[in-house]
Novice: 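Structure in structure tokens, see below.
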Amino acid sequence: MLEKLMQTRLFKWLDERSGAEAIIKSQLTEYPVPKNLNYMWNFGSLALLVLTIQILTGIFLAMFYKPSAALTYGGYTVAFDSVERIMRDVNFGWLIRYMHAVGASSFFVVVYLHIARGLYYGSYKGPRELLWIIGVVILLIMQGAAFFGYLLPWGQMSFWGATVITNLFGALPVVGEFLQQLLRGGFSVGDPTLNRFFSLHYLFPLLLAAIVGGHIHALHVVHSNNPEGIDIDKKDTIPFHPYYTVKDAFGVGVFLTIYCYIVFFNPQMGGYFIEVDNYTPANNLQTPPHIAPVWYLTPWYTILRSFESKLLGVLAMGASLAILFFLPWLDRSKVRSSRYRPVYRQMVILFFICVIVLGYCGHSAPTPTLKLVGQIATGYYFLFFFALLVLPKFEKTKPLPDRV
Amino acid sequence: MTDQADQSRRNFLYVAAGGMGAVAAGAAVVPFVASMMPAADTLAAAKTEFDVGTVEPGQLVVIQWQGKPVFVVHRTEALLKQVDGHDEMLKDPNSEAIPEVQAEWMDTPEKRKYRAIKPEYLIVVASCTHLGCIPLFKPTPGRKDWGDSVPEDWPGGWHCPCHGSLYDISARVIKGSPAPHNLHVMPYKYLSDTKVVIG
């Protein structure tokens, strides 16, 4: 199909003016990919798909959403009412909004699995350090975009979530209060905050799209890692197209089946994807009885809560994300894949469990037991990274194969 | 590899899978395009109720219907007389040119002339059929009140300030105007003696 298209006169005309043929060859039909990738390598293309869904549905939602905290005759606010109008009056508005809300959670599911794949198979190691760093930047921007977006419905969780997070910045010494007012545009979360968060919520995905381009470019320079974690002989590669386009398309089919099921039959996912309290309009005089961020931010929320000192909690939370940037240099082992690193394999699996435990603790109401569990998990979170510095001294790695 | 594969079977699967994908993508476009069409609350505002009894004799009132301006004129005996005697000046004296300028109830020459269910209350869309400006109400005949913005044999009616279109007191367009048609008549009916529902 593609070959036939590339022989048409129109394509020839395009090629002479854009070099399209060279691009298609180097990036698709002759781009070498290891032949032994497993299904964990599907999540990159899935993340790109979800980003596209988010940008598309977001553009349409912005046609109907109004970022204003002004009161309406019904006693609610313009923003809250405009979201309800999307749900009730706009044709297929419910579908587009649920696609966007479920898309946000799906994005994090897919990206967290993508990151876990990178951790397990050592994809962050040389020569892929820059690829990993760009990925961490993408994670941070995603979390920012999700946080800004969560304020927009102007429900109770929106309002109090934004209040709590903007207060975090206030905990920083010297610049805290300045930063806090800069974010809020006032002395508390209010109409100016809502306006700028909407603007930033529109900006961040555009940044994402650009940086994702950089991520893919960086990947195509150093090429994919593989489950064995060894450098690949040219003879053990196959072209991206058609082999991996078909495999990715299969992954897209599986993903869309699950995604559509959730969108159509369980869009709120029992309060995990859309919190029930957010259907109560924002009230700056009453905090909901139990307040927790959406599930994808809860691990970091637990790290924040694990410290008695507010400043220490904020710094630990920042450090837990910042440390990801240094991972390629913290891990001194020459062997990439967990398949040949028996101790690292145990450690990284425990790390995944630890992040899930952190997430569970952050989603639950605080109790003394959970607090202790959260503190232990927080401890292991950091221990994991620093243990990597000395691990090669103790770990006996298995011999690597020459070829896959 | 290639020479062992059943190419026709492979091509069939290729086209079938691609076709299904194209159908799915096409179906996914539908809700997005539909979302841009008028929403339920906009459609709910598609009808307007109005009490024409509130319009004083000789007075013009502009009301809104679907966000468009609508003229309601209470025509006095004198104004109703101004409808006659200048048919040769009109592009479409019987309002027959296009569906938008007529209505089912225009079943007699009288009704086609007065263009109203009750002749004393003329209700028409207030957008000039040229480019949509709202014409100015200049009901008295001749140039006495209006200067040379209207012709010498002005029968009284509307003058559009944008490009000079002229309409008589039944909102029928006068020859020489850039506007192609009479002002449109939208669907309306009387719920009671003076209560009108438009739309």
Side-chain angles (χ1 to χ4, degrees), chain A residues 1-5 35 49-50 52-66 72-74 78 81-100 103 238-239 241-243 245-257 259-260 263-264, chain B residues 1-51 54 62-70 125 132 186-188 195 197-199:
Chain A
M1 193 76 107
L2 190 60
E3 303 85 73
K4 273 185 200 159
L5 274 178
K35 65 179 184 184
L49 170 74
V50 186
T52 313
I53 291 177
Q54 289 304 86
I55 290 177
L56 267 180
T57 52
I59 286 170
F60 277 82
L61 287 174
M63 293 182 195
F64 311 110
Y65 173 74
K66 299 183 180 76
T72 55
Y73 290 118
V78 173
D81 283 357
S82 75
V83 173
E84 286 310 305
R85 178 172 177 268
I86 290 170
M87 293 303 290
R88 293 154 199 250
D89 287 340
V90 173
N91 305 312
F92 293 103
W94 58 272
L95 176 61
I96 300 175
R97 175 164 178 256
Y98 281 153
M99 281 174 78
H100 199 71
I238 45 178
H241 181 81
Y243 296 102
T245 41
V246 165
K247 190 175 179 181
D248 280 346
F250 177 71
V252 165
V254 173
F255 170 80
L256 284 180
T257 307
Y259 174 76
C260 289
V263 166
F264 285 104
Chain B
M1 279 286 278
T2 315
D3 43 24
Q4 302 163 15
D6 180 347
Q7 283 300 325
S8 73
R9 182 172 180 275
R10 186 168 284 185
N11 281 340
F12 170 77
L13 289 173
Y14 203 8
V15 171
M20 289 295 284
V23 169
V29 170
V30 172
F32 288 93
V33 175
S35 76
M36 293 176 74
M37 293 301 288
D41 58 337
T42 312
L43 293 174
K47 286 182 189 295
T48 300
E49 271 190 41
F50 184 67
D51 186 353
T54 59
V62 184
I63 60 171
Q64 277 199 60
W65 168 65
Q66 295 184 346
K68 290 179 273 193
V70 165
V125 177
M186 68 284 130
Y188 71 97
K195 266 255 160 42
V197 61
I198 299 171

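Each chain gets a letter, A, B and so on, in the order the sequences are listed, and its residues count up from 1. Bear in mind that the values here come from a model prediction, so they are computed numbers and not experimental data.
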Novice: When rounded to the nearest 0.5 angstrom, what is the spacing between CG in A:D89 and CG in B:L43?
Specialist: 9.0 Å

Novice: Counting heavy atoms not belonging to A:M63, are there more than 12 under 6.0 Å from its CE?
Specialist: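 Yes - once you tally the heavy atoms of other residues, nucleotides and ligands closer than 6.0 Å, there are more than 12.
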
Novice: For the residue pair B:F32 and A:F60, what are the closest heavy atoms and their distance?
Specialist: O-CE2, 3.3 Å

Novice: Kindly indicate whether the side chain of A:F92, heavy atoms from C-beta on, has any atom under 4.5 Å from the side chain of B:M36.
Specialist: no

Novice: Testing the basics here: between A:N91 and B:M37, what is the closest heavy-atom pair and its distance to 0.1 Å?
Specialist: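 Closest pair (atom of A:N91, atom of B:M37, distance): ND2-O, 3.3 Å.
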
Novice: Picking from A:T57, A:V90, A:L61, what satisfies side-chain contact (heavy atoms from CB on, under 4.5 Å) with B:S35?
Specialist: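 Testing each of A:T57, A:V90, A:L61 against B:S35, the sole residue satisfying side-chain contact (heavy atoms from CB on, under 4.5 Å) is A:V90.
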
